Amino acid sequence: MEKKLFKKKTALIMKMTLLFILFGFLQVTAKVHPGTNGSPELLMANAGIKVTGTVTSKSDGQAIPGVNVVLKGTTVGVITNIDGAFTLEVPNTNAVLVFSFVGFIQQEIKLDGKTQLKVVLEEENLNVEQVVVVGYGTVKKKDLTGSVSSVSNAKLMEKASFSAAQALQGKAAGVVIQQKDSKPGADATVMIRGNRSLKATNDPLYVVDGMPLVVGLSEISQSDIETIDILKDASATAIYGARGANGVVLITTKKGKEGKAVVDYNSYYGVQQAANMVDVFNGPEWVDFIREAYRKAGKLPAVPTFDTDKLMIPVGQENDPAGIAFKMQSAYDPDGSWHGDRLQTTDWLGEAMRTGTITNHEVSIRGGTEKLKVMASATYFDQKGLLKTQDYSRYSARVNFDWNLTDKVTIGGQTQFSHFDRNDGPNAFNDVIRLSPLANIYNADGVMFNRPGNDPQIWNPLLDIDNAKVKYRKDRFMGSYYAEIKLPFDFKFRTNFGLDIGPYYDQRFYGSRSGDRQGGIARAENGGDTRTMFTWENLLFWNKVIKKHTFGVTMLQSIQQEKFESYRINVLNLPYETQLWYNVGSAPTISSVASNYTKWQLASFMGRINYSFNDRYLLTASLRDDGSSRLAEGNKWVMFPSAAFAWRASEESFMKGIEALSNLKFRVGFGVTANTAIDPYKTGGNLNYARYNYGSNNVMAFYQNEMPNPNLGWETTKAWNAGVDFGLFNGRINGIVDVYLQNTSDLLMDRQLPQTAGFNSVVYNIGKTRNKGIEVTINTQNVKKKDFSWSTDFIFARNKEEIVELYGGTKDDVGNSWFIGQPLSVYYDYKALGIWQLGEETEMAKYGTAFKPGDIKIQDTNGDYKITEADRVIIGTQRPTFTANIANYINYKDFDFNFSLNGSYGNMLNYDRGLSFNGRYNSIKVNYWKVTEYDASGNATASNGSNEAPRPNNGIENPAYRSSLNYFEASFIRLSDVTFGYTLPKFLIKKVGITKLRLYVSVQNGFCITKFPGTDPESGANFNVPAPRTFMFGINMSL
Amino acid sequence: MKRISYFILILVLFAATACNNYLKEEQYTNVGYDYPTTKVGMEAAVTGVYQAMRWYCGSYNQSSNSTSGGNMEAYYCLNEYGTDFTWEGADGGNKDPFNKYQSSLNPSQDVINKFWNNNFKAITRANTALMIMPDVVDMTADQKTQRTAELQFLRAYYYFDLVQHYGAVPLVIKGNITEVITDFKRAPVKDVYNQIISDLVAAYAVLPDVYQQSDRGRATKWAAGHLLAKVYLTRGSSDLAERGGKATDMDSAAFYAVKVIDSGKFSLENNFSSIFDQNNQKVSKEIIWDVEYTKDALFSGAGSSTSDGGNQLHLYFLMQYDIKAGMIRDQPNGRPFKRTRVNPLVVTKLWDHLNDSRFYKTFKWNYISNNATTAATNVWKDKYYYIDPVSNSEVKTDVIYTTPAELVGKPKFKPGDTAIYISSKYYGALSYYTTTTPKQTKLDDVAYRQMLTDIAKSPYLLIPVDKNDVNNFPTLLKWLDDQRPDINYQAGSRNFHRMRLADTYLIAGEAYGRKGDWTNALKYINIVRTRAAYAAGEQKPKQIFTLDGGVNVTTPTVASMQVTQADVVKPALPSGAGFDAFVDWMLEERARELYGELNRWEDLARTGTLIARAKLYNPDAFAVKDFHKLRPIPNTYTDRLSPQPPMAEMQNPGYY
């Protein structure tokens, strides 16, 4: 029903759009505007009145050299000098001068008799003239036909971010960036327009200066990035064919500029604290909690005494001064009265955590001559995490150059080397939660206990700080190089060669006293991998303007290859713990050893045509043919077509009269893309190995692992997109609205087989998913005065992802929690209605003996008075109904202030609080169901009536249906960033040779309004390292 | 500068023509289905079928590279829990439904699913190897015949385990690696038995007598013979119509068992303890067939995602000794997971304490203090009081024992002294502790006071049978593995004994007994019991003359251990109504010999006594119903069938 409705709606929207386009087309056929295509040759004026003036920039009042000053309607003009001054002779004083300069809004000034002019040019802000990078080329924003979000360096640098991905958060509609893990060095996940694949990655393709990356962009410094352009719809991504289904993130790094060398230095330092911590029971609360568990099991009377308390404590520890029993005894007075407040509470987390710090230095130099332009930069980043075992540091260096060898030949390239070093030691949170708050960390001699509180199941997690090390290191070399040759007849040839090579080291050591070894023999792991990828592209361009027809043709031939090699050895029984993983050969026992190698190749041909008529009707069509080594012989090549049409309605003469409308464009596009869901060597099937021994004879075993499947093909997505771009009130309000529909078919899934078939599953093209949604981006310039400006960016995105078909039918796959009509990840479980209360015994009795007061009350969905698997329901989804973001930018004189709020609505999280309710371990503090009164025979007569958590029970390790209490709504609004900056006045800094100096303070993750009870609705899915709040101080300086 | 342009263009053209075979997939690391067509590949494929045997006592999906992680804990759930003589211990996630027959023992239970999957994995591996066997180019016909027989043996073994637990199962006996098949039907139980027997008979005909050490662990003729005997015994033990039992089954069982016994290849160990002596495991002549392990961590399955986690049985049968005063967890004593405990009634009554050496040799009775710190703080109090059995609190007005003044405040023992003593004595003071009735009731105040006094007076921690609970009970010695490299190391290297000669004798004894041939029955049973007796000159355990009323002599007890026809119909434990006395006695004798060797559930199911005996002897298993004699068919299997047969065909009754 709903599906049909949507189809109707979509159809309606599309019909309307087409009608609009047709209507416009008819209007235009007659009227033709005199175009100003091409750039005028600048000639000196012949004679007349001399006009002089200066041109300055609105934002900083600085003179702008190089501005074109042209007498309107002619090719007569000059360029401003280094001080922004110009002199031009005009025929009369009524002449109109046109001032234009890249990056500024063109201005026309009528002389009206004046001969002295002071011209202030305003920087472009999301202006239609902006150039946007699309795959294999650039177009002016006004000529875009697809859905592309473009984020400039200025936007990225508005706040200090920990990574380029994070900087992108909230900057582009339909692009959801989540920091799911708060560990230092953890990558943010980037999702464009929802998820569509069940098996393959839903990560977008990253392309840096034309070179596709192997993995994300975490090693690229924010300040090296000129723009990030995100191709969202298939008409734009189809030129990436077999890799384009999840959207494409195009990163353009900064280029050298002709002129004096400019040095930029950006730096910040910040301190981090947990934004929100989750409490565990403290000492006296814990005692109450475990007593309740023992009472539930019938092992403890209503009124405890020390003798009965002792039952809860490991035997034989009564006399141990560090033991828990000893402490509990101290809370009893001789008269037997209990004084829980005397009990200490050990701050386990306090011992494992610290104040985090974050440091960043980025320095770059840009300059060059007409022939050779160079940009070089270096970055150092360091983060000490909130946990003592976790930190991350990275440095990188980059050199970009463009060299015009001749008029016809240009070569250039970008090269980056980076290195990171990450300590990802054991996460104390996992274990600390279970520790008794009464247990001591250290013994009387200041040595850490191995087993605090003598619990044989708990090894002191704090010992891991010094005894376990997990270290990841990576060197990464990224380079892309090109040569471009201008050929006759408006042809241009370009060849690109890109490399992405990254050796990665994953090394681990677990000393005898680590939690992993628990007093056993030390072990070490030494492993790593190397990915080597190259891309080679040959492109032929033809750009031609014939009267009102503009043609742009792009042809591509490319090959790509990726090799992956890995190795790992695990050894036991190191002779010296100090050698960590550095000398595995000295250990007597090898417990596992492995290596691997995979390689795949992709060959592609692509053609694209951009055609525009009269600057109004824009058509883009492309066809890509991809051949992949991963597919079986005979199925290797797949075609990916796309087409898009745009109509710049505001250029129509009948629209020119509408003052309020400065820009209006309609776009519609369609394209086919695919997803690389098939791993290399999948189609041929394979055997796996294991090891065995006959007597003393060690042997290998090989057994069937994957079924040969020569028919595997790509997952393909066919997507429609329709959009409108508009500008109102002279560009004071700019907006983009896109609606889209993506149908993914031939979905690759592990088709589950009965084991009797010989295989548990086989990869198969079965199933369909659909994503549909709307994205709105609005930028408003609320106030625009000389000393005061205020602008707002507003982003809203709504995406509905759903599974349409599975295994060629409409049967749900309960085992994988895949349901037709539902998003790709839903929570399917028993639904908790609360806790069974005293007085509900009659109702409980209908379920036999299954429930007692204090147990979790589960929804009996089918009403058969039995709780079975059939009672499980879909509880919610991780996917938000919508996400929204508002950012405000306020400038007052030399002060700037900006803040952004981002939010998400309708998503749910599985937050496993690890409610271990057996009266032994500590737990996240919850209001558990507790008996408050007993009658004479020890039966419960009153309770605290809690509906939040069940009664603890010493007899059972986990409460029945515990997982039903794990689902929480995770909608939130977050003040993700507040920055307050001050730019020092020029006169103060000019003397010391500084052209710009801005100081700022910033708070990241200022607050978060949410009902979610964990530490953070994005990253707090478990009792884990909390999301930090960061206070930082920074500096931006130019020399 | 034009030259540069030409140079680039030429380079491009040259390179573009050079990639004709560019999209060919180059495989270096992938091992494909052509590998088993070579001899070495086929040998590895056969080993792959053996290797699945390790699932029974290892881990299924090792979640990390750690040598300590990823334990599945499957097989004790399937074969010890929910029986008569094994109760559940304190810890473990998989345990409850199996011991208590709760509703969570249902088609989605994980162990139920993985047991099914493991065995069908193994069976389909065997089928694939059998399918490819004719194509192997460099094996002789003899080699092929032998490996084929091994594969048939293994297929029969896996099917036998499946049919005992699940009843009717699909009979898949053809290899397949290319077709997606989802249409399976369960074959009747009797067809499964026929297939098992036909595979085993074929294997028995051609398998060799014995192997060199380098092939130890492969199926021999006698392994096939032992299994045949057991299969016939099982088929003929009960539910004859269902299983297709024949009148001659007992003859067949006895025939093959005697063939194995008379083969001359095997002999009983002289001392019961030697069977489980880890240094003896690869040479013992009592072992007919083992699942092999090694101390080489790389091959024992210690640590990678594809490995099986070694033999982890050493974890499950231990009491919690390590937190007691004067004790710390150490390597020889083991890592106590305390998943299972022995039924206290069994400790008290099953064995003849005085004469049957298996009793004291099956369990560990005392722990020697190894922790100076806690030994030092464990001091004598001046007075020990009566403990109220209801509230467990001391009654300060009622002194049970006053410590001699010179001892008060002094440590009770030093490192090297006994710290814990598990007594085999049952005072009759308290009712048994079970997880469903943890409140022990006082049965007899005099006995209770005597017990408290004995405990108070003991310098060590005294745990009589009355005080056995989920943490405190006699530890089973059979699977302890003190050759692990450290105390927490899980991937043990003990061989998993699956067939030993004593079992063959008991099969022969039972088969003859069921036929009424008492002469032969008693002959074979008494051979086992003779070995079970204390041998001449053997030092007897102290308990015999301190607790059991025996005397400290080294005279043999062989004569006292011999049973007559009258004895074998007198079970030691109180028996239930309608029980067959000989079957009961036989089940008790099997427990005396084989306790904890992971065959109990199958023995009870085989004899059709599971439900009655579990109800009678395992108070936690009160929810057991008749349908529990079969396991549920896992829903990960039934859900994937297409077309879907009716539920009654797919699932065992009681589970839907």
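Everything quoted here is computed from the prediction, not taken from an experiment. Chain letters run A, B, ... following the sequence lines, proteins first and then strands; every chain starts at 1.
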Which atoms of [X] are under 4.5 Å from chain B, going by heavy atoms: the side chain, the backbone, both sets, or neither?
| X | value |
| --- | --- |
| N760(A) | both |
| P680(A) | both |
| F759(A) | side chain |
| A960(A) | neither |
| N698(A) | both |
| W637(A) | side chain |
| Q561(A) | both |
| T683(A) | side chain |
| R508(A) | neither |
| L631(A) | neither |

Between [X] and chain A, with a heavy-atom cut-off of 4.5 Å, which part of the residue counts as in contact: side chain, backbone, both or neither?
| X | result |
| --- | --- |
| Q331(B) | neither |
| N635(B) | side chain |
| T435(B) | neither |
| R329(B) | side chain |
| V169(B) | neither |

Discussion item. Restricting to ring-ring contact (aromatic ring centres under 6.0 Å, His included), what partner residues turn up for Y961(A), sequence neighbours left out?
Written reply: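 With sequence neighbours excluded, Y961(A) shows a ring-ring contact (aromatic ring centres under 6.0 Å, His included) to Y830(A), given in chain and number order.
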Discussion item. Run the ring-ring contact (aromatic ring centres under 6.0 Å, His included) test against Y597(A) and tell me which residues pass, sequence neighbours left out.
Written reply: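 With sequence neighbours excluded, Y597(A) shows a ring-ring contact (aromatic ring centres under 6.0 Å, His included) to Y28(B), given in chain and number order.
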Worksheet item: When the aromatic ring centroids of Y35(B) and F702(A) are compared, is their separation below 6.0 Å?
Response: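 Yes; F702(A) has its ring centre under 6.0 Å from that of Y35(B).
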Discussion item. So that I know where these two stand, are Y694(A) and Y50(B) an aromatic pair - ring centroids less than 6.0 Å apart?
Written reply: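 Yes, the ring centres sit under 6.0 Å apart.
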Side chains of [X] and [Y]: does their closest heavy-atom pair fall under 4.5 Å?
| X | Y | result |
| --- | --- | --- |
| T124(B) | Q704(A) | yes |
| P485(B) | T589(A) | no |
| T638(B) | P754(A) | no |
| V762(A) | V180(B) | yes |
| M700(A) | Q51(B) | no |
| R517(A) | D486(B) | yes |
| V31(B) | N686(A) | no |

Shortest non-hydrogen contact from [X] toward [Y]:
| X | Y | answer |
| --- | --- | --- |
| A757(A) | N176(B) | O-ND2, 3.6 Å |
| Y33(B) | G685(A) | CE1-C, 3.9 Å |
| G32(B) | L687(A) | O-CD1, 3.4 Å |

Item to complete: Evaluate the criterion side-chain contact (heavy atoms from CB on, under 4.5 Å) for residue pair Y681(A) and T29(B); output intermediate values, then yes/no.
Response: CA-CA 9 Å; Y681(A) 317 134; T29(B) 54; 4.2 Å; yes
Polar side-chain atom of [X] near backbone of [Y] as donor-acceptor pair, under 3.5 Å:
| X | Y | value |
| --- | --- | --- |
| N693(A) | Y293(B) | yes |
| N488(B) | Q518(A) | yes |
| E292(B) | G695(A) | yes |
| R640(B) | L753(A) | yes |

Worksheet item: Does any donor atom in the side chain of S696(A) or Q213(B) lie under 3.5 Å from an acceptor atom in the other side chain?
Response: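 Not at all, the side chains of S696(A) and Q213(B) share no donor-acceptor pair under 3.5 Å.
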Does [atom1] belonging to [X] count more than 12 external heavy atoms closer than 6.0 Å?
| X | atom1 | answer |
| --- | --- | --- |
| K282(B) | NZ | yes |
| I590(A) | CD1 | no |
| K174(B) | NZ | no |

Worksheet item: Distance from Q755(A) atom CD to F120(B) atom CZ, nearest 0.5 Å?
Response: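 Atom-to-atom, Q755(A):CD and F120(B):CZ are 9.0 Å apart.
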Worksheet item: Yes or no on side-chain contact (heavy atoms from CB on, under 4.5 Å) for Y703(A) and T128(B), after CA distance, side-chain angles and deciding distance?
Response: CA-CA 9 Å; Y703(A) 54 85; T128(B) 301; over 6 Å; no
Counting heavy-atom pairs under 4.5 Å to chain A, which of [options] comes out on top?
| options | result |
| --- | --- |
| W116(B), Y637(B), F184(B) | F184(B) |
| G217(B), P170(B), S108(B) | S108(B) |
| G48(B), A129(B), A44(B) | A44(B) |

Which residue out of [options] racks up the most heavy-atom pairs below 4.5 Å with chain B?
| options | result |
| --- | --- |
| K636(A), M707(A), R451(A), R751(A) | M707(A) |
| N705(A), N918(A), N697(A) | N697(A) |
| S595(A), G627(A), P301(A), A297(A) | G627(A) |
| D407(A), N596(A), N573(A) | N596(A) |

